[in-house]
There are 2 protein chains.
Amino acid sequence: MRRDTFQAIADPTRREIINMIAHKSLNINAVAENFDTSRTAIYKHLKILTECGLVQIKQQGRERYCEAKLDKLHEVSDWVAQYKQFWNERFDSLENYLNEIQAKDKKPKNGKRK
Amino acid sequence: MRRDTFQAIADPTRREIINMIAHKSLNINAVAENFDTSRTAIYKHLKILTECGLVQIKQQGRERYCEAKLDKLHEVSDWVAQYKQFWNERFDSLENYLNEIQAKDKKPKNGKRK
DNA sequence: TAAATTTACAACCAAATGGTTACATATACC
DNA sequence: GGTATATGTAACCATTTGGTTGTAAATTTA
C-alpha cells in the first residue's frame, strides 16, 4: 500500500485533521468528536498520517496527543511550485516583484534566461 | 467518486503524466509509450485528469493531443501554503528576504502582524 | 477500397480504501 | 478493587482504484 505525502493529503478528512491539530494538539477522541464518523475511522486516518510522518502521537497518561509535523508538506509544495508559471497570478506577480527587486539590487550578469 | 485536484495528483503515474505534458503536448499513445503499463491504463489516468480539469484533450485528425491545464494546482498550493511556517527553511528564507526588501523599499506602517 | 494507426470503451479482476461493530487493554478516578 | 474513560485492533463490508484483455470505431495512408 502506498504511503506518501501526496496520498495522505488526498483525503479531505485527513486534510481537516491536519488543519485541526496544526493549531493545537488534540487527543484522539477530541479529534474524532469533530467528525460525524466513528472514532475508529478517525483513528485509521491518524494512523495513516503518522505512518507518513505528518502527525506525531505523544502519550500523556491514558491519552494520546496528536501533534502536526508538517515538514513533509514541502514535498508537495516543491512539486507544485514547478508549475507555478501555469497559474500565474498572485504567485507569479510575487516572483516578478522579487525578480525586479533583485535586478535593481544586484545587477545580475544575465537576464531571466534559464 | 471523488474527483478533485488533490486526489488527481495523489497517484504517481498521474504526476508523471502531468510532468510529461507540461513541457509539450503529446498524443495519447505518445504518453502511454513512456510507461510500461497498458495504453488503456494511461487512458484512464488521462480521463481522470481531464475530469479534474488538469488536462485538456484536443483532437487533431485521428490523434488527441493532451495539453496540461495546471491552473487548478493553485488549490493545492494554497492549501499547503497555510502551513509553510511549519517547514521553514528555503521558503521561509525567501519570504524573509522579500519582507526585508519590502521593509527597506516601502517603509510599511505596521510590521508583520497579521 | 483495404490495411494500418489511433482512439474509445465494455467487461472483468485483485487490491486498496474508508467505513462499520465488537471486543480487549491501559490508565485514571472513586 | 471496581468503574469510567481513552485507546488499540480484529473482523468484516461496500466501493473505489488501477490494472487487464478484447473489441469497435474513426481516420490516415497505400
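The sequence lines fix the lettering, A, B, ..., with proteins before strands; numbering per chain opens at 1.
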In whole angstrom, what separates [X]'s [atom1] from [N]'s [atom2]?
{"X": "Glu63(B)", "N": "dT7(C)", "atom1": "CD", "atom2": "C1'", "value": "10 Å"}
{"X": "Arg3(B)", "N": "dT16(D)", "atom1": "CZ", "atom2": "P", "value": "10 Å"}
{"X": "Tyr65(B)", "N": "dT7(C)", "atom1": "OH", "atom2": "P", "value": "8 Å"}
{"X": "Phe6(A)", "N": "dA16(C)", "atom1": "CZ", "atom2": "C1'", "value": "20 Å"}
{"X": "Lys47(A)", "N": "dA10(D)", "atom1": "NZ", "atom2": "C1'", "value": "11 Å"}
{"X": "Leu26(A)", "N": "dA6(D)", "atom1": "CG", "atom2": "P", "value": "13 Å"}
{"X": "Gln7(B)", "N": "dT17(C)", "atom1": "CD", "atom2": "P", "value": "12 Å"}
{"X": "Ile9(A)", "N": "dG18(C)", "atom1": "CD1", "atom2": "P", "value": "13 Å"}

Open item on the list: Of the listed nucleotides (dT17(C), dT7(D), dG18(D)), which one gets closest to any side-chain atom of Ile28(A)?
Closed with: dT7(D)
Task: Candidate nucleotides dG19(D), dG19(C), dT7(D), ranked by approach to the side chain of Thr13(B) - the nearest - done: dG19(D)
Task: Those residues that, when tested against Glu75(B), pass salt bridge (Lys or Arg N to Asp or Glu O under 4.0 Å) (two or more places apart) - done: none
Decide yes or no for [X] and [Y]: does some side-chain heavy atom of the first lie under 4.5 Å from some side-chain heavy atom of the second?
{"X": "Leu46(A)", "Y": "Ile28(A)", "result": "yes"}
{"X": "Phe6(A)", "Y": "Arg14(B)", "result": "no"}
{"X": "Leu70(A)", "Y": "His74(A)", "result": "no"}
{"X": "Asp11(B)", "Y": "Ile48(B)", "result": "no"}
{"X": "Asn27(B)", "Y": "Gln60(B)", "result": "no"}

Task: Under 3.5 Å: donor-acceptor pair, side chain of Gln85(A), backbone of Gln82(A) - done: yes
Open item on the list: Looking at Cys52(B), is its backbone amide N or carbonyl O close enough to the side chain of Lys72(B) to form a donor-acceptor pair, meaning the two atoms are under 3.5 Å apart?
Closed with: yes
Open item on the list: To the nearest 10°, give me the bend of the helix from dT1(C)-dA30(D) to dC30(C)-dG1(D), comparing the axes of its five terminal pairs at either end.
Closed with: 20°
Task: Contact nearer the 5' end of DNA chain C, comparing Asp11(A) with Ile57(B) - done: Ile57(B)
TODO: Please tell me which of Ala10(A) and Asn27(B) maps to the more 5' nucleotide of DNA chain C, matching each residue to the nucleotide holding its nearest heavy atom.
DONE: Asn27(B)
Open item on the list: Once you measure the plane-to-plane angle for Tyr83(A) and Trp79(A), does it fall in the parallel (<30°), tilted (30-60°) or perpendicular (>60°) bin?
Closed with: perpendicular
Give a yes/no answer on whether the side chain of [X] brings an N or O atom under 4.0 Å of OP1 or OP2 in [N].
{"X": "His45(A)", "N": "dG19(C)", "answer": "yes"}
{"X": "Tyr43(B)", "N": "dC9(C)", "answer": "yes"}
{"X": "Asn29(B)", "N": "dT5(C)", "answer": "no"}

Task: Protein-to-nucleotide contact annotation, 5' to 3' order, nucleotides 20-30 of chain C [B base; S sugar-phosphate only; - none; under 4.0 Å, heavy atom] - done: BBB----BS--
Open item on the list: Please find the pair of heavy atoms, one from Thr50(B) and one from Val55(B), that lie closest to each other, and give the distance.
Closed with: CG2-O, 2.9 Å
